[in-house]
Amino acid sequence: MTTSNRLRQLGDRVVGPGRPVYVTGEIGINHNGDLDNAFALIDAAVEAGCDAVKFQKRTPEICTPRDQWDIERDTPWGRMTYIDYRHRVEFDEDDYAAIDAYCKKHNIHWFASPWDTEAVAFLEKFDVPAHKVASASLTDDELLRALRATGKTVILSTGMSTPEQIRHAVEVLGSQNILLCHATSTYPAKADELNLRVINTLQGEYPNVPIGYSGHETGLQTTLAAVALGAVFVERHITLDRAMWGSDQAASVEPQGLARMVRDIRTIEESLGDGVKKVYESELAPMKKLRRVKGVVAEAGEREPATV
Ligand SMILES: C=C(OP(=O)(O)O)C(=O)O
């Protein structure tokens with residue numbers, strides 16, 4: 001198996017085995033429709049060393065079932081109908097133009113998961129490096145076909161999906177431009193339902209597709225384990241404060257945690273190495289001091305070192 005066909009272009013970055021893990025801070029709708037919140041979240045992602053921030057883009061009239069439009073609910077902005085609320089947490093074209101400029105200025109990618117085909121057309125007005133398919137949209141062939149037509153890398157999340165549904169979605173999207181993400185779609189996801197070994201199952205089943213991880217757990221250890229298992233792309237929801245209004249906030253990572261997570265991902269990718277057993281130059285002094293039976297002496301860095 002070569003790795004070259006498991007590499008994907010995301011703007012000016014190449015993502016895949018042997019390349020730095022591409023880390024995405026999923027803002028989703030944790031900005032609560034407030035551009036200042038979005039900028040503060042972008043700042044946190046830049047500060048942490050993320051490669052991208054991500055949003056969710058919906059056309060409310062298409063994504064909200066008609067029978068829910070008029071249901072009233074209490075929100076931080078007063079009592080309003082559900083359709084008004086969905087509009088309240090959506091950014092318009094001017095907002096995204098401001099986000100685009102802000103991300104360019106701070107040298108961080110942004111992209112989004114469109115939840116309907118109008119949202120695909122909306123996002124295509126911008127120079128986004130990729131599109132994402134949320135797990136909930138994996139069975140939406142019309143959306144997948146619209147995304148395939150963009151020619152961009154499509155990141156496909158696989159939460160709440162069967163192997164057959166995933167195979168069908170891959171067929172509709174074509175495997176050449178996609179990156180698959182293992183995910184469990186519960187918020188927060190429990191450790192015993194993360195099933196991180198599915199990352200290896202997907203690697204085996206889709207040898208020509210890079211495999212990543214989109215996490216909704218609390219804590220960071222399991223996301224780091226996903227990287228150790230070979231995830232080449234990582235996405236976690238981010239928030240300014242887990243106590244903020246919104247259904248995704250509680251299962252999101254705050255700025256300090258995000259910085260720790262990216263730092264630890266970089267250490268893990270460095271420490272995974274190339275898998276070739278060798279004796280390091282730096283091991284020679286400890287070897288001299290500690291090893292009683294010398295064995296066959298090998299040069300530092302040789303592929304087949306000492307027999308002991
Ligand atoms: C919900 C989303 O993705 P995931 O299924 O990976 O959480 C999304 O990208 O909007």
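What's counted below: heavy atoms across the whole structure, side chains too, no hydrogens, waters or symmetry copies. All ligand and atom numbering here is 1-based and tracks the order in the structure.
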Atom 6 (O) of ligand 1: nearest protein contact (heavy atom, Å): Ser157 OG, 2.5 Å
Test side chain to side chain contact (heavy atoms under 4.5 Å, CB included) applied to Phe55 and Leu123, Leu41, Ile27, the passing residue: Ile27
Which residue and heavy atom of the protein sit nearest atom 7 (O) of ligand 1, plus the separation: His216 NE2, 2.5 Å
Salt bridge present between Asp51 and Arg266 (N-O < 4.0 angstrom): yes
Member of Lys54, Glu26, Gln56 meeting the side chain to side chain donor-acceptor pair (under 3.5 Å) criterion with Ser113: Lys54
Which residue and heavy atom of the protein sit nearest atom 3 (O) of ligand 1, plus the separation: Lys132 NZ, 2.9 Å
Where ligand 1 meets Glu26 - atom numbers and elements under 4.0 angstrom, heavy-atom basis: 8 (C), 9 (O), 10 (O)
Which of the ligand 1 atoms, numbered from 1, are nearer than 4.0 Å to a heavy atom of Ser214: 4 (P), 6 (O), 7 (O)
Numbering as shown, the atoms of ligand 1 that approach Gln56 to under 4.0 Å (heavy-atom distance): 1 (C), 8 (C), 10 (O)
Shortest protein contact, atom 2 (C) of ligand 1 (heavy atom only): Ala134 CB, 3.3 Å
Tyr85 and Trp245 aromatic ring geometry - parallel, tilted or perpendicular at 30°/60° bounds: perpendicular
Distance flag, aromatic centroids of Tyr102 and Trp110, threshold under 6.0 Å: no
Minimal non-hydrogen separation, Ser252 against Ile238, with atom names: CB-C, 3.8 Å
Closest candidate by heavy atom, reference atom 8 (C) of ligand 1, pool Ser113, Ser135, Gly28: Ser113
